There are 2 protein chains.
Amino acid sequence: MPDQPAHPKDQADRFARARESQSVALLEDYVEMIGDLHAELGEARVADIAERMGVAQPTATKAISRLKREDLATSRPYRGVFLTEAGTLLADRVRARHRTVVAFLVAVGVPADVAELDAEGIEHHVSRQTLKAFERYLANVDARGRRR
Amino acid sequence: MPDQPAHPKDQADRFARARESQSVALLEDYVEMIGDLHAELGEARVADIAERMGVAQPTATKAISRLKREDLATSRPYRGVFLTEAGTLLADRVRARHRTVVAFLVAVGVPADVAELDAEGIEHHVSRQTLKAFERYLANVDARGRRR
DNA sequence: GCCGGTAAATAGCCATAGCTATAAATCATA
DNA sequence: TATGATTTATAGCTATGGCTATTTACCGGC
């Protein structure tokens with residue numbers, strides 16, 4: 001048994017933290033998606049958001065309400081959804097993190113398609129510090145040409 | 001732009017998959033916790049489970065109902081919670097995966113305490129294939145003595 | 001300018017995961 | 001053995017995140 005006397009309180013905090021990340025995850029996904037749609041299509045319509053997220057249209061509408069409540073997005077009915085400044089910042093951050101996580105997984109030997117799949121879930125739980133470690137790792141790998 | 005024409009359907013599937021993992025995550029955490037408590041204390045009482053999970057006691061009771069429904073656990077009121085065979089297998093698998101994820105994160109330069117925190121969320125999204133990649137990585141690191 | 005079709009919003013349902021407050025069951029002990 | 005303390009279960013609330021069915025609003029073409 002290497003570790004874990006596991007002070008119950010600490011462990012409880014860990015779980016609480018994981019639950020917390022979880023609650024932010026969907027917001028992040030939607031915000032990133034809206035950013036992508038604007039980049040690709042020039043606008044983000046509710047129907048497109050729903051399709052890409054793989055949910056029914058009212059589900060997307062409801063999620064967008066939450067984004068608005070959190071000041072991440074605005075929308076003009078029948079005119080699409082728009083990110084606020086905060087939303088744009090978040091989207092950029094999330095997109096960058098996603099790319100880093102995928103690249104990192106690939107760099108340590110995960111097949112690209114699997115990396116893409118797993119990253120979708122993993123990324124939301126990657127802290128700033130862990131992300132930094134991934135970036136450092138990638139920088140090293142790049143410096144040495146290839147894996148080695 | 002390296003990747004992502006992102007066929008909407010594929011992407012939708014990715015999100016669906018991430019949501020799915022999410023729904024299994026809590027079951028995994030509870031099952032592992034019950035296993036730990038049996039190992040440490042010889043029994044798993046609802047109150048202890050609740051404390052360690054950082055939730056109120058009725059929340060734990062409700063989760064345990066779900067475990068029973070899924071044939072992962074049984075319980076005799078006021079006598080504790082017990083894992084079924086399936087539950088025990090799951091617990092072992094989850095515990096092993098958790099250890100691997102933490103060890104891997106540490107090996108790529110994540111501080112131990114952060115690794116422990118992040119692993120709690122990450123582990124549930126690590127597929128069999130990604131786990132294999134982590135194990136391979138760890139085997140390599142071990143073989144070469146240290147990082148290098 | 002009306003009218004049909006599409007897009008979005010609304011209504012109303014389900015399950016999960018949390019909570020507090022309360023009831024019931026068990027245990028320990030006087 | 002009865003009683004008080006502890007432990008578990010239950011009731012009933014909130015919010016999230018799904019869904020289908022329906023209504024409402026908009027837009028384009030005739």
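Here is the naming used below: chain letters follow the sequence lines, and residue numbers restart at 1 for every chain. Keep in mind that this is a model prediction, so the values were computed, not measured. Every heavy atom of this structure was used, including side-chain atoms; hydrogens, water molecules and symmetry mates were not.
Partner B:Leu105 forms a side chain to side chain contact (heavy atoms under 4.5 Å, CB included) with one of B:Thr100, B:Val110, B:Val114 and no other, that one being B:Val110. Each of A:Val31, A:Ile64, A:Asp48 was evaluated against A:Val81; a single residue qualifies, A:Ile64, per the side chain to side chain contact (heavy atoms under 4.5 Å, CB included) test.
If you measure from atom CG of A:Asp48 to atom P of C:dT6, you get 15 Å, rounded to the nearest angstrom. One atom, CD1 of A:Ile49, and another, C1' of C:dA8, lie 11 Å apart when rounded to the nearest Å. Going from atom CZ of B:Arg76 over to atom C1' of C:dA25 covers 16 Å, rounded to whole Å.
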Atom pairs under 3.5 Å: protein N/O with N/O of nucleotides 27-30 of chain C:
none

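Listed by first and then second residue, the side chain to side chain donor-acceptor pair (under 3.5 Å) pairs that reach into residues 66-77 of chain A are A:Lys68-A:Ser75, sequence neighbours excluded.
Projected onto DNA chain D by closest heavy-atom contact, B:Arg19 and B:Gly80 fall at different nucleotides, the more 5' of which corresponds to B:Gly80.
For A:Asp29, the side chain to side chain donor-acceptor pair (under 3.5 Å) partners two or more places apart in sequence, or in a different chain, are A:His124.
Following chains of ILVMFWY side-chain contacts shorter than 4.5 Å, one can reach B:Val94 starting from B:Ile49, so the two form part of one hydrophobic cluster. If you chain together hydrophobic residues whose side chains sit under 4.5 Å apart, A:Leu89 and A:Phe82 never meet in one group.
Using modelled atom types, no side-chain atom of B:Arg93 and backbone atom of B:Thr88 make a donor-acceptor pair closer than 3.5 Å. Panel note: side chain A:His125, backbone B:Glu123; no donor-acceptor pair is recorded below 3.5 Å.
Protein chain B touches strand DNA chain D; the 5'-most and 3'-most nucleotides with an atom under 4.0 angstrom of its non-hydrogen atoms are D:dT7 to D:dG18.
Using a 4.0 Å cut-off on heavy atoms, the residues of residues 56-74 of chain B that approach DNA chain D are B:Gln57, B:Pro58, B:Thr61, listed by number.
Using cut-offs of 30° and 60° for the angle between ring planes, the B:Phe134 and B:Phe104 rings count as parallel.
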Donor-acceptor pairs under 3.5 Å, side chain of residues 15-25 of chain A to any protein atom, not counting sequence neighbours: which ones?
{"residue": "A:Arg17", "atom": "NH2", "partner": "B:Asp118", "partner atom": "OD1", "Å": "3.3"}
{"residue": "A:Arg19", "atom": "NH1", "partner": "B:Met53", "partner atom": "O", "Å": "3.2"}
{"residue": "A:Arg19", "atom": "NH2", "partner": "B:Gly54", "partner atom": "O", "Å": "3.2"}
{"residue": "A:Ser21", "atom": "OG", "partner": "A:Arg17", "partner atom": "O", "Å": "3.1"}
{"residue": "A:Ser23", "atom": "OG", "partner": "A:Glu20", "partner atom": "O", "Å": "3.1"}

